[in-house]
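This chain uses plain numbering: 1 for the first residue, then up along the sequence.
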Amino acid sequence: MEWINDIKERISRRLMRNTDRNRDYVRDFIDLESAKQVGLIINSTEMTDDEAQIFVQYAEGLKKRGKQLLIIELNFVKKSAPRFTGLGELLFVEPAGLKWSDYPGPQVEAQVKKYELDILMDFDHSPRITSRYLCSLARARTRTGVHREGFESCYELMINRDSYDGLKAMIREFDYFLNMIDNGKRVKAKA
């Protein structure tokens, strides 16, 4: 079975590089403070109840700061229901919307492409390819996620996988780097 996963991953790397290369959407580094439209990809299959509460608190905090949210909730269990309704617009991706290779079907792709986001944060650290593929085709100016060899074209900012110590640590890292962009702009403006 491992050789099938290796083949899937090699094909995925090539496909995502080609997908990203053929797009004309402008990428940029947007800081969290000036972002208006924020997307959050979360894998609810892999989450504990504590992590779900942390995620809800983070999303509600972003809403209080005036951010419009798009929650892309991935769930790989058949006949499951969304966990994160009411936090913003919700795009629920379940096994029925995926191909055998964990790639989203054309209907899910079309839904993701219709949103124009300032920032898209990928909180899915699982080995599944779905979130990385969604990041590669999303219309988001800044995309953040966990570093994986060969998928660098999917993101503008990546955190080191070794430093991943749960969802809370990932949120802290994303916030730190996305706010650092803002600090860099302020320094340039003062100079």
Side-chain angles (χ1 to χ4, degrees), residues 5 8-20 23 25 27 37-48 51-52 54-56 58-59 62 69-78 80 82-84 87-161 163-171 173-175 177-178:
N5 290 335
K8 266 202 240 182
E9 187 154 325
R10 272 190 257 133
I11 291 170
S12 297
R13 287 178 187 173
R14 189 173 328 130
L15 176 66
M16 282 185 228
R17 272 188 242 119
N18 291 339
T19 300
D20 200 49
R23 76 156 19 108
Y25 193 71
R27 301 290 182 193
Q37 314 257 7
V38 177
L40 306 170
I41 298 177
I42 195 76
N43 182 344
S44 61
T45 309
E46 303 273 326
M47 294 187 104
T48 64
E51 286 183 324
I54 290 168
F55 180 74
V56 168
Y58 182 66
L62 289 173
L69 297 183
L70 168 66
I71 309 295
I72 302 174
E73 181 179 345
L74 307 176
N75 193 309
F76 299 100
V77 178
K78 290 182 181 178
S80 56
R83 288 174 81 174
F84 302 109
L87 292 174
E89 275 194 68
L90 178 70
L91 177 56
F92 184 64
V93 181
E94 57 184 328
L98 298 174
K99 299 175 185 173
W100 69 271
S101 58
D102 284 342
Y103 285 110
Q107 189 176 25
V108 174
E109 283 185 21
Q111 286 179 310
V112 170
K113 286 181 182 179
K114 78 177 186 178
Y115 293 98
E116 298 235 1
L117 302 168
D118 293 317
I119 297 174
L120 178 60
M121 294 184 230
D122 179 7
F123 291 106
D124 181 18
H125 59 88
S126 73
R128 294 197 179 246
I129 200 74
T130 311
S131 66
R132 291 184 294 277
Y133 184 74
L134 290 174
C135 281
S136 73
L137 62 92
R139 297 178 60 84
R141 294 171 65 192
T142 301
R143 303 162 297 169
T144 63
V146 176
H147 181 264
R148 288 191 187 273
E149 187 71 34
F151 295 100
E152 290 85 0
S153 66
C154 299
Y155 305 99
E156 279 69 49
L157 292 171
M158 301 174 87
I159 62 171
N160 188 346
R161 192 179 171 127
S163 67
Y164 176 74
D165 189 21
L167 183 64
K168 196 171 194 172
M170 188 182 285
I171 288 171
E173 291 279 324
F174 285 169
D175 273 355
F177 287 112
L178 289 171

> Would you compute the distance between atom CG of D124 and atom CG of L134 and round it to the nearest 0.5 angstrom?
9.5 Å
> Go through the steps to decide whether V38 and L117 satisfy the test side-chain contact (heavy atoms from CB on, under 4.5 Å), and finish with yes or no.
CA-CA 6 Å; V38 177; L117 302 168; over 6 Å; no
> Evaluate the side-chain contact (heavy atoms from CB on, under 4.5 Å) criterion for residues I71 and F55: first the C-alpha distance (whole Å), next the side-chain angles of each, then the deciding distance (0.1 Å), finally the verdict.
CA-CA 11 Å; I71 309 295; F55 180 74; 4.1 Å; yes
> Does NZ or CZ of R139 lie under 6.0 Å from the centre of the six-membered ring of Y115, at an angle within 45° of the ring axis?
no
> Tell me, do F177 and T144 make a side-chain contact under 4.5 Å, heavy atoms counted?
no
> Distance from F123 atom CZ to I41 atom CD1, nearest 0.5 Å?
10.0 Å
> If you define the side chain from C-beta out and look only at heavy atoms, does anything of M121 sit under 4.5 Å from Y58?
yes
> If you round to the nearest 0.5 Å, how far is CG of L98 from CG of L74?
8.0 Å
> From L91 CG over to L40 CG, what is the distance, rounded to the nearest 0.5 angstrom?
12.5 Å
> With heavy-atom distances below 4.5 Å as the criterion, would you say the side chains of E109 and V112 are in contact?
no
> Any donor and acceptor pair, going by atom type alone, linking the side chain of S131 with main-chain N or O of D122 inside 3.5 Å?
no
> Find the distance between CD (E46) and CZ (R128) and round it off to the nearest 0.5 Å.
7.5 Å
> Counting C-beta onward and ignoring hydrogens, is there a side-chain heavy-atom pair between M170 and V146 closer than 4.5 Å?
yes
> Quickly, which of E94, E73, R83 forms a side chain to side chain donor-acceptor pair (under 3.5 Å) with S44? Name it, please.
E73
> Looking at side-chain heavy atoms only, is the closest gap between Q37 and L70 below 4.5 Å?
no
> Would you call V93 and I72 a side-chain contact if the rule is heavy atoms closer than 4.5 Å?
yes
> Side chains of T130 and P104: does their closest heavy-atom pair fall under 4.5 Å?
yes
> Do R143 side-chain atoms and C135 backbone N/O form a donor-acceptor pair below 3.5 Å?
yes
> Say you draw a straight line from CG of L87 to CD1 of I42; how long is it, rounded to the nearest 0.5 Å?
10.5 Å
